[in-house]
Amino acid sequence: MDLQIDLNRNTNISLSKQIYQSIADRISSGFLDKGSRLPSVRSLSKTLNVSMVTVSKAYSMLAEDNIISTIQGKGTYVQTENRKIHKNHNVNSTSLNWQLSIPDHLPRAQFWWQNISLTAKSQLWLSAASVHGSLLPEHLISRHISSFILKNPGILSEYGSIQGDLEFRAAIADYLISSGISISKNEIIVTNGSQQAINLVARTFIGAGDIVVMEAPTYTAAIDVFRWQGATILSVPVDKDGMRIDLLLRLCDTYSPKLIYTIPTYHNPTGTVMSMQRRKEIIEIAKDFNCLIVEDDPWREISFEENQLPALKSLDTDGHVIYIKGFSKFLSPSCRIGALVASGTILNRLLAAKSNSDLGSPLLTQKALLPFVQLNFMKKHLKSMNHILYKRRNLVLDLLKKHMPDTVAWTSPMGGPNIWLTLPAWLSAESLVFEAQNNNIAFLSGSTCYSSEPEFNHIRLSFSSLEQEQLENGIKTLSKIVFSFLDK
């Protein structure tokens, strides 16, 4: 098997550590099946043009972390324990073995892999950070789409603007201005959800070896995107007040990052909120080190407090912040609609990337959601939705307090859909996954939310995608599973 690993020889991160991270990412993403044989030390050192000692160090670190194992006289293999493989049984895998000889440049796809793993069987999705359909304006949107197409059939033969429909961008601008972000419709690019916005930023500004700073833990799919672009990702821990700015400053002094990615409001996965002091400090750091901040703001709308802290973008006077807002989650996931906000030449370059990507988001989707991003509708919809989600959050917190072991801790978020559980340090959440699936429950193992050196004793639970009875059953069953493993 050939392994194509892009090494950056102009960074302080050792080559052996880079090899370790690349192989670990491929295994955790399911690109390398359990039991797969890895190249020999000699073969990989020749392929990568590094010393055999460098590869040996990488393999030793992987073996120490129980990711690979070496069988004397036979070779080195992906560890077979605690892994579940999902294959397409309609394909004769033997006839496709030749494909293993084709190297690729896809280093990580944890988000894809976790979705395959979590949805294979489970009925109770405690893993899904989405809003239950009964809380969304499904019928209103469907009626509007039907009526709009009947009145405007010509819309089906039109392409939309690359930047996005002008009327739709104006409505988004009005909505964001109401939350304190001073922008114009000309500073907005309509995207196919927030994930495309992250992708456009990465493709435009990040190349092999560029330094990207991210929170630890953070949004899994964002890690995947930046890693795919060849970024060297450095992590800064999150505490109760958000990203540790003291550690961020220390990293910036040493590495000079090109971009800082952060979720300051109702952080995914922990639910924490960055303090006002730290919001001001991170803006100053971006100015001092001449770098970009990507502010991902997917969950501001799910809020259980009256006074929210302002977005980083509202504090930005020099165009350092690229702001990303997704609308799909709390309006219509199938519509996949989002907005990317930037200014100056940053905006122009992102717009060029958008044109290369898809020539513009679907016009029909924008027209379909136009009435629903209007400020008056949004206020009523969010008030109703949050009233129910607040009760469901409280229900889960009460159930955890009543049924979960005392040695387990969890957050009490003031917004967003997630509760972050911390198990005893010696208990890996991944060891619970398959037992949970046998009980038709899916949760997200926290280790997937780390770009490197993952912590394995965390679970992300989402309370927004299930109804009350399902939540009760799910939390009670999960608590029993945790108890059973603690007893063992």
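Of all the heavy atoms in Gly193 and Ser328, the pair that sits closest is CA-OG, 4.5 Å. Counting all heavy atoms, side chain and backbone alike, Leu331 lies closest to Leu136 at O-CB, 3.8 Å. The minimum heavy-atom distance between Asn199 and Val225, with the atom names listed, is CA-CG1, 3.8 Å.
Partners of Phe205 according to the ring-ring contact (aromatic ring centres under 6.0 Å, His included) rule, which considers only residues two or more places apart in sequence or in another chain, do not exist here. Remark: Ala231 engages Ile206, Val212, Phe226, Ile233 in a side chain to side chain contact (heavy atoms under 4.5 Å, CB included) (not counting sequence neighbours). Every residue two or more places apart in sequence or in another chain that forms a side chain to side chain contact (heavy atoms under 4.5 Å, CB included) with Ser134 is listed here: His132, Glu467. Every residue meeting the side chain to side chain contact (heavy atoms under 4.5 Å, CB included) condition with Ser14, not counting sequence neighbours, appears here in chain and number order: Ser16, Lys17. Under the rule for a side chain to side chain donor-acceptor pair (under 3.5 Å), the partners of Glu455 that lie at least two apart in sequence or sit in another chain are Tyr450, His458. Shown here are the side chain to side chain donor-acceptor pair (under 3.5 Å) partners of Ser194, two or more places apart in sequence or in another chain: there are none. Taking the side chain to side chain donor-acceptor pair (under 3.5 Å) definition, one finds that Glu305 meets it with Tyr266, sequence neighbours left out. Partners of Ala129 according to the side chain to side chain contact (heavy atoms under 4.5 Å, CB included) rule, which considers only residues two or more places apart in sequence or in another chain, are Trp299, Pro417, Asn418, Arg460, Ser462. With sequence neighbours excluded, the residues satisfying side chain to side chain donor-acceptor pair (under 3.5 Å) with Thr70 are Thr76.
Checked by atom type, the side-chain pair Gln366/Ser361 shows no donor-acceptor distance below 3.5 Å. One side chain, Ser357 or Gln196, offers a donor N or O that lies under 3.5 Å from an acceptor on the other. For Tyr261 and Asp296, the side-chain atoms include at least one donor-acceptor pair closer than 3.5 Å. Checked by atom type, the side-chain pair Tyr219/Gln195 shows a donor-acceptor distance below 3.5 Å. Side-chain polar atoms of Arg279 and Thr265 form a donor-acceptor pair below 3.5 angstrom.
A distance-only check finds no donor-acceptor pair linking the side chain of Thr262 to the backbone of Glu215 [under 3.5 Å]. Put simply, the side chain of His267 never gets that close to the backbone of Met274: no donor and acceptor are under 3.5 Å apart. Judged by distance alone, the side chain of Gln308 and the main-chain N or O of Arg300 form a donor-acceptor pair under 3.5 Å. Without hydrogens or angle criteria, Ser60 side chain to Ser56 main chain gives a donor-acceptor distance under 3.5 Å. Side-chain atoms of Asp316 never come within 3.5 Å of backbone atoms of Leu312 as a donor-acceptor pair (strictly under, hydrogens ignored). At distances below 3.5 Å, at least one donor-acceptor pair connects side-chain atoms of Glu295 with backbone N or O atoms of Lys313. Judged purely by atom type and a 3.5 angstrom limit, Thr448 uses its side chain to pair as donor or acceptor with the backbone of Ser445. Judged by distance alone, the side chain of Thr477 and the main-chain N or O of Gly474 form no donor-acceptor pair under 3.5 Å. Remark: the backbone N or O of Leu124 is not paired with any side-chain donor or acceptor of Gln470 at under 3.5 angstrom.
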Q. For Arg392 and Leu471, what are the C-alpha separation, side-chain angles and deciding distance, and is it a side-chain contact (heavy atoms from CB on, under 4.5 Å)?
A. CA-CA 8 Å; Arg392 292 185 184 173; Leu471 283 172; 3.8 Å; yes
Q.
Could you walk me through whether Leu369 and Ile141 satisfy the side-chain contact (heavy atoms from CB on, under 4.5 Å) test, starting with their C-alpha distance in whole Å, then the side-chain angles of each, then the deciding distance to 0.1 Å, before giving a yes or no?
A. CA-CA 7 Å; Leu369 291 184; Ile141 293 175; 3.8 Å; yes
Q. Could you walk me through whether Ser447 and Glu430 pass the side-chain contact (heavy atoms from CB on, under 4.5 Å) check?
A. CA-CA 8 Å; Ser447 61; Glu430 294 184 356; 2.6 Å; yes
When the side chains of residues 398-414 are checked against the rest of the protein, which donor-acceptor pairs come out under 3.5 Å, sequence neighbours left out?
{"residue": "Thr411", "atom": "OG1", "partner": "Thr270", "partner atom": "O", "Å": "3.4"}
{"residue": "Thr411", "atom": "OG1", "partner": "Trp420", "partner atom": "N", "Å": "3.1"}

I'd like a table of donor-acceptor pairs (distance under 3.5 Å, sequence neighbours excluded) in which one partner is a side-chain atom from residues 376-390, with atom names and distances.
{"residue": "His381", "atom": "NE2", "partner": "Phe330", "partner atom": "O", "Å": "2.7"}
{"residue": "Asn386", "atom": "ND2", "partner": "Glu301", "partner atom": "O", "Å": "2.8"}
{"residue": "Asn386", "atom": "ND2", "partner": "Leu382", "partner atom": "O", "Å": "3.2"}

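Evaluation of the side chain to side chain donor-acceptor pair (under 3.5 Å) test over residues 232-251, restricted to residues two or more places apart or in two chains, returns Ser235-Ser451, Asp239-Arg278, Arg244-Asp246.
The distance from the SG atom of Cys335 to the CZ atom of Phe327 is 12.5 Å, given to the nearest 0.5 Å.
Paired with Ile282 under the rule side chain to side chain contact (heavy atoms under 4.5 Å, CB included), one option of Val321, Leu249, Leu315, Ile260 passes, and it is Ile260. Ile324 pairs in a side chain to side chain contact (heavy atoms under 4.5 Å, CB included) with only one of the listed residues (Ile263, Ile198, Thr191), which is Ile198.
Looking only at side-chain heavy atoms (C-beta outward), Ile5 and Ile23 come within less than 4.5 Å of each other.
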